[in-house]
Amino acid sequence: MCGIVGYVGQRAAQSVLVDGLRTLEYRGYDSAGLAIVDGDQMQVAKAQGKLSRLTALLDETPLPGNVGIGHTRWATHGVPSDANAHPHSDPTGDFVVVHNGIIENYLALKEHFVELGHDFGSDTDTEVLAYVIAEEYDGDLKNAVRKAMARATGAYALVAMTAKEPGRIVAARMISPLIVGLGSDETFLASDIPAVLPYTNNILVVEDGEIVDVTADGANIETLDGTPVERDPFVVDWDPGRAEKNGYDHFMLKEIYEQPDVIEQTIGGRISSDGSVELDGVDWGEDFAVNLEKIWITACGTAYHAGLVGRELFERILRVPVEIAYAHELRYRDPLITGTTLTLAISQSGETADTLAAARLAQENGSRLLALTNVVGSTLSRDADDVLYTRAGPEIAVASTKAYVAMLVGQALLAIKLGAERGMLNDSEVVEMKAELQELPAKAAAVLESTAEVAEIAKTICDVDDLYFIGRGLDFAVAMEGSLKLKEISYLHSEAMPAGELKHGTLALVTEGTPVIVVLTQQHIYDKTISGLQEVKARGARVIALAYEDDLEVAKYADRVIRIPRTADMFAPVLAAVPLQLLAYHVALELGHDIDQPRNLAKSVTVE
Ligand code: F6R
């Protein structure tokens with residue numbers, strides 16, 4: 001999705017903006033650009049393709065000045081091209097805008113200017129906003145942006161600048177995320193926190209329906225109707241180094257290797273030695289868990305797969321019905337959310353448009369909303385009644401790894417807390433689970449130390465047309481995520497399904513040499529999964545099993561076995577996910593793909 005940066009201060013804006021855009025590359029983009037005001041001169045440079053194309057232009061013609069805005073575009077209206085790249089200008093070139101999201105009525109807005117005899121240079125829904133702002137301008141950029149927002153409909157974040165008022169940037173938020181970074185004698189704007197972290201960790205969030213007026217002295221926020229907003233900044237304790245590769249070839253690999261730390265941090269200080277679970281940000285009162293009648297889980301993609309694991313944990317431990325729904329489906333259903341319910345919305349970014357909409361729907365239906373997210377201050381965290389932050393740090397690679405594992409751990413903590421409060425777990429059971437959880441970082445580290453087998457197996461599946469992932473129960477949930485990871489970055493076709501489902505149709509596709517990856521950690525259904533394994537083996541499948549290191553049985557049936565340390569079955573997904581992430585990574589590496597920014601995908605899907 002698109003990324004925004006803005007800067008007003010004493011530094012050379014060009015380098016701040018380019019560095020900021022580089023930090024946002026992980027969101028996925030197809031063109032980039034920036035505009036810098038120097039004196040009363042507006043200068044714009046933009047180019048289709050990777051940031052290196054833009055920086056080549058800037059090397060030839062650097063843009064001087066200390067105030068500017070930049071953008072990485074992920075095409076929604078109009079193909080990726082130089083002309084469609086942001087920033088966009090009005091006909092005089094004095095006003096520029098960048099924008100994330102979608103302006104729904106842009107065609108109607110354009111019609112007005114076409115009637116006035118203007119020709120538009122792009123196919124975007126953004127360009128017309130520069131025209132509207134210029135038309136509304138009466139000497140005050142903030143008023144012009146306010147009036148432009150009143151004319152536009154949609155979900156967006158808009159940033160505007162004019163050569164007529166150098167030293168000022170005005171931005172507005174209607175759903176798409178926008179934050180301000182407060183420095184000393186300098187102020188930053190961005191769609192994501194990591195873009196400003198090298199300069200400041202003092203962050204101010206702009207909320208929906210607000211306008212922010214940014215100068216080097218700071219930022220003033222108002223609502224659309226002009227009511228001043230007093231909001232304290234908060235401090236983000238992410239280390240900017242964690243948004244860099246630190247010697248790894250790819251962010252994805254670095255993030256896979258950070259997982260032992262991430263597990264430890266997500267658990268950190270949340271279960272005390274007497275067995276009580278203290279989740280900062282979660283405060284639903286004493287009787288809530290006892291009266292709980294149903295849990296809904298909603299999310300998209302990898303976060304949904306994390307929710308599949310949560311569903312089983314909550315059901316097993318709490319003995320309450322749990323329903324999981326893709327957020328993009330749930331938001332258009334008329335779901336029966338009644339009684340005392342908890343809706344768990346899971347989102348790494350906390351900005352996924354569908355997840356936000358589904359979460360709001362659940363809240364409107366009277367459900368208590370719990371956000372499980374990685375981004376402090378994200379929209380989801382602010383919408384929710386309770387928030388549990390995963391402590392994974394910034395996740396840069398488009399393919400989610402450490403955030404997924406942190407979501408699994410976060411849900412384990414929630415299940416333990418709710419289980420204790422509901423009287424389903426006694427203190428000693430909680431202490432036992434805590435002990436198991438606390439062993440996970442070391443066990444995940446052990447998985448990461450023995451990756452040779454995974455890299456070898458990766459070489460053997462690079463050239464296949466199709467492969468399958470199977471498992472039962474929690475193993476099926478992990479299989480879903482393993483398959484998605486592989487698809488995302490290797491572009492190989494793969495499908496995951498419950499092991500018992502194969503014979504109901506898909507088995508027809510399993511022939512001599514078809515790779516089938518079987519996840520085999522759940523002991524109560526072990527024999528059943530082995531039967532599924534034998535079914536594919538009998539059709540000539542090449543079976544790659546993922547099993548505990550002390551499982552001697554599996555080698556009798558599988559061609560290759562990937563081993564993980566034994567743990568409580570309910571926490572096995574945390575460990576089993578790791579080799580599957582590595583498998584996807586090594587296949588993509590063999591195939592020479594862009595691992596951190598796979599084709600067609602964006603990190604944060606802030607439009608529907
Ligand atoms: C896959 C991936 C996506 C996201 C999905 C939801 O690796 O990252 O499937 O999980 O787009 O994103 P969040 O968690 O930010 O809501």
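Every number for a ligand or one of its atoms is a count from 1 in the order of the listing.
Checked for salt-bridge contact, Lys254 and Glu258 meet the test: a charged N lies under 4.0 Å from a carboxylate O. Of the charged side-chain nitrogens involved, none lies within less than 4.0 Å of a carboxylate oxygen, so that Glu278 and Arg270 do not count as a salt-bridged pair. Salt bridge Arg173/Glu207: absent, no basic N to carboxylate O contact under 4.0 Å. A salt bridge links Arg231 with Glu210; the closest basic N to acidic carboxylate O contact falls under 4.0 Å. Looking at Glu323 and Arg333, a side-chain N of the basic residue comes within less than 4.0 Å of a carboxylate O on the acidic one, giving a salt bridge. Contact check on Asp280 versus Arg391 returns a salt bridge, with a Lys/Arg side-chain nitrogen under 4.0 Å from an Asp/Glu carboxylate oxygen.
Heavy atoms of Val398 come nearer than 4.0 angstrom to ligand 1 in at least one pair. Taking a 4.0 Å cut-off on heavy atoms, Lys485 registers as neighbouring ligand 1.
Ranking the protein heavy atoms by distance from atom 14 (O) of ligand 1 puts Gln348 N, 2.6 Å first. In terms of protein heavy atoms, atom 11 (O) of ligand 1 is closest to Val605 CG2, 4.1 Å. The protein non-hydrogen atom at the shortest distance from atom 1 (C) of ligand 1 is Glu488 OE2, 2.9 Å.
The nearest non-hydrogen atom to atom 12 (O) of ligand 1, considering only Thr352, Thr302, Asn374, Thr401, comes from Thr352.
Listed by atom number, the atoms of ligand 1 under 4.0 Å from Ser400 heavy atoms are 7 (O), 8 (O). Taking every non-hydrogen atom of Ser349 and a distance limit under 4.0 Å, the qualifying atoms of ligand 1 come out as 13 (P), 15 (O), 16 (O). Near Ala303, meaning under 4.0 Å from one of its heavy atoms, ligand 1 places the atoms 10 (O), 14 (O). Every atom of ligand 1 with a heavy atom of Cys300 under 4.0 Å away is listed here by number and element: 5 (C), 6 (C), 10 (O).
Between Ser347 and ligand 1, at least one pair of N/O atoms sits closer than 3.5 Å.
Below 30°, between 30° and 60°, or above 60°: for His99 and Tyr156 the angle between ring planes is above 60°, a perpendicular geometry.
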